[in-house]
Amino acid sequence: MIKNGIDSALRDALKRLNIKYERGSAEQEYNEGKTTQIPMHNIVKLEERCRRRIGYRNSQLRFEGNKNAK
């Protein structure tokens with residue numbers, strides 16, 4: 001059993017790897033009240049390049065802004 005859900009566990013993995021990130025634009029807009037559409041996927045904006053795939057079972061962390069490209 002994962003404490004606090006899979007989303008927080010995937011973000012904790014980024015913190016442990018010392019990878020700086022922000023919430024994705026869809027989540028930011030929802031939290032600011034600009035939209036009522038709930039974000040479906042766990043998407044983050046990376047501040048630096050990351051070439052890893054972070055996930056657990058069927059859930060995978062998605063990167064916005066193409067920072068994980070070659």
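Count residues from 1 along the sequence.
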J.: Quick one: closest heavy-atom pair of N18 and E48, and the distance?
T.: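 Distance-wise, the nearest heavy atoms are O-OE2, 3.4 Å.
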J.: So, taking the atom named CZ in R57 and the one named CD1 in I6, what distance separates them when rounded to the nearest 0.5 Å?
T.: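 Here the rounded value is 9.0 Å.
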J.: Taking the side chain as everything from C-beta on, heavy atoms only, tell me whether F63 gets closer than 4.5 Å to I43.
T.: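 The answer is no, as the side chains (C-beta and beyond) never meet within the 4.5 Å cut-off.
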J.: So, using side-chain hydrogen bond (donor to acceptor under 3.5 Å, both in side chains) as the criterion, who are the partners of R23 when residues are at least two apart?
T.: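 By the side-chain hydrogen bond (donor to acceptor under 3.5 Å, both in side chains) rule, R23 matches no residue at all.
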J.: Drop me the distance from K45's NZ to Y21's OH, to the nearest 0.5 angstrom.
T.: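 Those atoms lie 14.0 Å apart.
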J.: Check the surroundings of atom CG in L17: do more than 12 heavy atoms from other residues, nucleotides or ligands lie under 6.0 Å from it?
T.: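 Atom CG in L17 is packed in, count exceeds 12.
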J.: Check this for me: Y30, atom OH, are more than 12 non-hydrogen atoms of other residues, nucleotides or ligands nearer than 6.0 Å?
T.: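 Incorrect, the count does not exceed 12.
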J.: Please name all residues satisfying side-chain hydrogen bond (donor to acceptor under 3.5 Å, both in side chains) with N31, sequence neighbours left out, ordered by chain then number.
T.: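 So N31 forms no side-chain hydrogen bond (donor to acceptor under 3.5 Å, both in side chains) with any residue.
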J.: Rounded to the nearest 0.5 Å, how far apart are CD of E64 and CG of L46?
T.: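 That separation rounds to 9.5 Å.
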J.: Output all residues satisfying side-chain hydrogen bond (donor to acceptor under 3.5 Å, both in side chains) with K34, sequence neighbours left out; order by chain, then residue number.
T.: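 Here the qualifying residues are E32.
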J.: Do E22 and Q28 have side-chain heavy atoms sitting under 4.5 Å apart?
T.: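 Yes; the side chains approach each other to less than 4.5 Å.
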J.: Any idea which heavy atoms bring L61 and L10 closest together, and the distance?
T.: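 Reported closest heavy-atom pair: N-CD1, 3.9 Å.
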